[in-house]
Engineer: 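Have a look at the structure that comes next, please.
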Number of protein chains: 2
Amino acid sequence: MNSNITIYDVAREAAVSMATVSRVVNGNPNVKPSTRKKVQDAIDQLGYRPNAVARGLASKKTTTVGVIVPDISNIFFADLARGIEDVATMYKYNIILCNSDQNPEKEIHLLNTLLGKQVDGIIFMGGRLHEDLVREFKTSPVPIVLAATLNQDYDLPAVNIDYESAAHDAVKSLIDNGHKRIGFITGPLEQQINGEKKFAGYRSALEEANLPFDEQNVVLGNYTYDSGMKAMNQLLELGDACPRAIFAGTDEMALGVIHALQDAGHQVPEDFEVIGHDNTRLATMIRPKLTTVVQPMYDIGAVSMRLLTKILNKEEIETNNVTLPHRIEQRDSTRS
Amino acid sequence: MNSNITIYDVAREAAVSMATVSRVVNGNPNVKPSTRKKVQDAIDQLGYRPNAVARGLASKKTTTVGVIVPDISNIFFADLARGIEDVATMYKYNIILCNSDQNPEKEIHLLNTLLGKQVDGIIFMGGRLHEDLVREFKTSPVPIVLAATLNQDYDLPAVNIDYESAAHDAVKSLIDNGHKRIGFITGPLEQQINGEKKFAGYRSALEEANLPFDEQNVVLGNYTYDSGMKAMNQLLELGDACPRAIFAGTDEMALGVIHALQDAGHQVPEDFEVIGHDNTRLATMIRPKLTTVVQPMYDIGAVSMRLLTKILNKEEIETNNVTLPHRIEQRDSTRS
DNA sequence: CCCTCATTGTAAAACGTTTTCATTCGCTAA
DNA sequence: TTAGCGAATGAAAACGTTTTACAATGAGGG
């Protein structure tokens with residue numbers, strides 16, 4: 001257990017060279033079984049624990065990957081992180097976790113810190129990729145994969161779902177239920193996923209059904225419960241023109257929407273239908289249970305990490321840009 | 001930006017020795033301003049980025065701490081992690097995050113992995129401390145602090161709230177509202193916090209009010225929403241003997257309780273009063289909003305990390321065992 | 001003008017591994 | 001018997017820092 005036992009002590013104890021000890025520790029097959037045993041015994045007896053830092057210096061591999069997320073206390077990113085961690089563990093990697101708060105300067109700073117720590121790779125998640133960041137990514141000495149994050153040119157490894165088509169499907173399901181006016185509560189438009197993809201999906205579904213686009217049906221939030229409530233209340237002020245079907249960009253906002261409606265004396269789904277996005281655990285913790293687009297965050301995390309290991313192991317890779325399937329989970333906040 | 005620039009390259013570029021470069025990088029004052037500038041220029045021009053692994057080997061400090069939590073995807077631990085990370089950043093540490101799933105073998109394995117990686121310290125959270133683990137903790141070469149985790153002998157650094165008194169207060173508030181029978185839905189009793197502390201608080205509040213303890217009013221759950229529903233439904237089967245006031249061990253279970261009641265056609269707080277524990281974000285995402293004991297997870301994380309830095313810096317420490325204040329947040333699931 | 005001492009810089013030894021290359025050993029085949 | 005060969009082992013050089021011990025330089029006091 002003592003931590004000042006070095007490979008050299010083991011070598012002396014087992015009467016071999018440190019190279020041989022190293023071979024045993026690393027499972028190198030070129031060791032005679034009898035010496036292997038001798039060394040293993042010495043290791044057990046001394047309680048030797050290899051120093052990963054020294055190992056990292058000598059081998060230039062740290063078996064550690066950096067993970068940058070906006071905010072781990074958000075259930076959404078926490079799920080992602082768990083997916084990453086699980087497959088990291090599977091491949092014997094550890095995770096250095098960092099919160100960026102979506103702050104571009106902090107993102108760059110964190111990237112540099114991680115590179116300084118010689119991580120073997122990085123998984124990044126953020127709403128918007130500042131061009132400085134992309135430049136740094138492209139010159140990075142270690143591979144970087146984007147999780148649930150789009151980059152303009154699709155030239156970085158990334159794992160996403162098809163946000164446009166997901167939004168399209170959600171809005172279409174509302175239209176199919178007979179709605180002519182659909183409310184859309186989304187996150188900041190400068191984030192590509194909201195501003196381009198989800199928004200495009202919303203519009204294309206309207207167009208497809210020959211419904212007019214009306215700017216006042218679109219309200220911006222910041223992903224939170226409160227912003228969802230606020231957005232819905234704003235919509236409610238439209239009076240008769242208020243859409244009776246709402247597509248919210250996150251589950252948390254959808255909960256806010258539902259509660260805003262209930263607080264105003266409306267029934268969901270009888271008077272208003274609402275559909276969320278992400279399928280976090282929250283979705284089943286509300287009455288009525290929330291119909292939502294499932295974005296499999298855990299899977300995105302897991303697949304991102306798997307993709308990273310493939311790159312690290314130089315395995316054959318079909319595509320750098322993987323798109324995971326989405327679907328709509330029908331629950332009780334919409335009429336089926 | 002190139003990562004194969006070493007301190008030696010900088011030294012050559014600036015025409016000084018590597019020791020001087022090291023001094024500049026580490027802010028050692030014994031460097032003439034003019035040389036400092038010369039070195040800094042070389043660093044900037046070459047895009048030198050110190051290798052933290054080499055630094056760690058030479059200095060025996062990695063500015064990295066390990067964090068072991070049961071499951072980061074649980075909103076509760078995620079909050080804790082954020083608290084830890086924030087003050088870690090403040091003190092220039094990074095976090096290696098690990099999920100233990102409360103599995104004793106995994107906990108020991110993770111501990112050893114972290115020690116192998118030469119972390120400067122560890123923050124641990126887990127429901128139950130297996131004695132093997134405690135033994136390892138006590139012989140650890142680096143300091144370990146427990147976050148929201150009790151250990152039998154209170155001889156390890158730890159940050160908690162007074163769970164017994166918190167539970168007592170919660171139950172008492174229910175009694176003060178006129179209830180004679182109080183339901184208690186808690187987590188696994190082998191976890192000290194549930195089995196000893198919260199339970200003791202529950203009983204002492206009853207005793208204080210001269211109310212009888214009735215075993216059938218206590219139901220075990222596993223912290224989740226579903227287990228909360230199930231537990232409440234079990235209580236409901238008591239018919240007329242069913243307690244009309246419930247103290248749930250976590251917010252998530254409390255949500256389950258409320259929904260179980262509502263699904264059965266009861267009104268909260270008119271027919272039943274419910275009080276939760278933790279004050280996670282969930283508490284305000286339900287109707288009625290949840291009255292709950294606030295256990296400040298973010299603060300516990302932050303204070304744990306601060307305590308760890310104090311130990312690492314050998315700062316003066318009042319007490320190894322800090323108890324943070326708790327309080328009850330009155331909302332709408334109880335009558336005030 | 002010499003001596004001493006503080007200041008600044010240098011050289012080199014850690015730190016604990018992995019890895020390269022050479023060497024030894026034990027056999028087999030000639 | 002011995003040359004030849006592959007497998008097993010060892011010696012020592014990296015890896016990129018920090019740190020220690022010391023040398024050189026320069027300033028100030030006598």
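Chain A is the first sequence line, chain B the second, and so forth, proteins listed ahead of strands; every chain is numbered from 1.
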Engineer: Using the ring centroid of each side chain, check whether A:Phe137 and A:Phe124 are separated by less than 6.0 Å.
Structural biologist: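 Centroid distance A:Phe137-A:Phe124: below 6.0 Å, so yes.
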Engineer: Let me know the distance between CG of A:Asn30 and C1' of C:dT19, rounded to the nearest Å.
Structural biologist: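 My rounded result for the distance is 13 Å.
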Engineer: Please give, in whole Å, the distance from D:dA27 P to B:Lys32 NZ?
Structural biologist: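 These atoms are roughly 10 Å apart.
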Engineer: For the atom pair CD (B:Gln191) and CZ (B:Arg128), what is the distance rounded to the nearest 0.5 Å?
Structural biologist: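 One gets 8.5 Å once the value is rounded to the nearest 0.5 Å.
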Engineer: Expressed in angstrom and rounded to an integer, what is the separation of A:Met18 atom CE from D:dA12 atom P?
Structural biologist: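 Answer to the nearest Å: 12 Å.
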Engineer: With a cut-off of less than 4.0 Å, is there a side-chain N or O of A:Asn26 near OP1 or OP2 of C:dT18?
Structural biologist: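 True: A:Asn26 side-chain N/O within range (under 4.0 Å) of C:dT18 OP1/OP2.
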Engineer: Scan B:Val53 against the nucleic acid and name what it touches under 4.0 Å (heavy atoms): base, sugar-phosphate only, or nothing.
Structural biologist: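 Contact class for B:Val53: none.
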Engineer: Counting only side-chain heavy atoms from C-beta out, which of D:dG16, C:dT17, C:dG9 sits nearest to A:Arg55?
Structural biologist: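 Nearest to the side-chain atoms of A:Arg55, counting from C-beta on, is C:dT17.
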Engineer: Which is true for B:Val25 with a 4.0 Å heavy-atom rule: it touches a base, it touches only sugar-phosphate, or it touches nothing?
Structural biologist: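 Here B:Val25 touches no strand at all.
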Engineer: From OH of B:Tyr48 over to C1' of D:dT17, roughly how many Å is that when rounded to an integer?
Structural biologist: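 About 7 Å, once rounded to whole Å.
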Engineer: What contact category does A:Ser22 fall into here, base, sugar-phosphate, or nothing, at under 4.0 angstrom with non-hydrogen atoms?
Structural biologist: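 Base contact.
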Engineer: Output yes when A:Asp41 and A:Arg36 qualify as a salt bridge under the 4.0 Å nitrogen-oxygen rule, no when they do not.
Structural biologist: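 No, A:Asp41 and A:Arg36 are not salt-bridged.
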Engineer: Given C:dA14, is OP1 or OP2 found less than 4.0 Å from the side-chain N or O atoms of B:Lys60?
Structural biologist: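 Answer is no, no contact under 4.0 Å.
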Engineer: Does a side-chain N or O of A:Thr6 approach OP1 or OP2 of C:dG16 to a distance below 4.0 Å, or not?
Structural biologist: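 No, A:Thr6 has no side-chain N/O under 4.0 Å of OP1/OP2 on C:dG16.
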Engineer: Whether the A:Thr63 and B:Lys117 side chains hold a donor-acceptor pair (N or O, under 3.5 Å, no angle test) is what I'd like checked.
Structural biologist: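 Indeed, the side chains of A:Thr63 and B:Lys117 share at least one donor-acceptor pair under 3.5 Å.
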Engineer: Nearest whole Å is fine: how far is C:dT20 P from A:Arg23 CZ?
Structural biologist: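 Result: 11 Å.
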Engineer: Counting side-chain heavy atoms from CB outward, which of C:dT17, C:dC15, D:dA11 is closest to A:Ala19?
Structural biologist: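 Of the candidates, D:dA11 comes closest.
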Engineer: In this structure, how many angstroms lie between the C1' atom of C:dA14 and the OH atom of A:Tyr8, rounded?
Structural biologist: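 Between C1' of C:dA14 and OH of A:Tyr8: 15 Å.
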Engineer: At under 4.0 Å between heavy atoms, what does B:Thr20 touch on the DNA or RNA strands: base, sugar-phosphate, or nothing?
Structural biologist: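 The answer is base, as B:Thr20 lies within the cut-off (heavy atoms under 4.0 Å) of a base atom.
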Engineer: Salt bridge check: are B:Arg306 and B:Glu315 linked by an N-O gap of less than 4.0 Å?
Structural biologist: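 Here B:Arg306 pairs with B:Glu315 in a salt bridge, since their nearest N and O are under 4.0 Å apart.
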Engineer: Starting at atom CD1 of A:Ile5, determine the distance to atom P of C:dC15, rounded to an integer number of angstrom.
Structural biologist: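 Distance, rounded to whole Å: 14 Å.
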Engineer: Starting at the 5' end of DNA chain C, which residue's closest nucleotide do you reach first, B:Val31 or B:Ala54?
Structural biologist: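 Closest to the 5' end, via its nearest nucleotide, is B:Val31.
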Engineer: Nearest to the side chain of A:Ser17 - C:dG16, D:dG16, D:dA11?
Structural biologist: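 The answer is D:dA11.
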Engineer: Does A:Ser59 make a side-chain N or O approach to OP1 or OP2 of C:dT18 shorter than 4.0 Å?
Structural biologist: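 Checking A:Ser59 against C:dT18: no side-chain N or O falls below 4.0 Å of OP1 or OP2.
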Engineer: Tell me the interatomic distance from A:Leu57, atom CG, to C:dT18, atom C1', rounded to whole angstroms.
Structural biologist: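 These atoms are roughly 10 Å apart.
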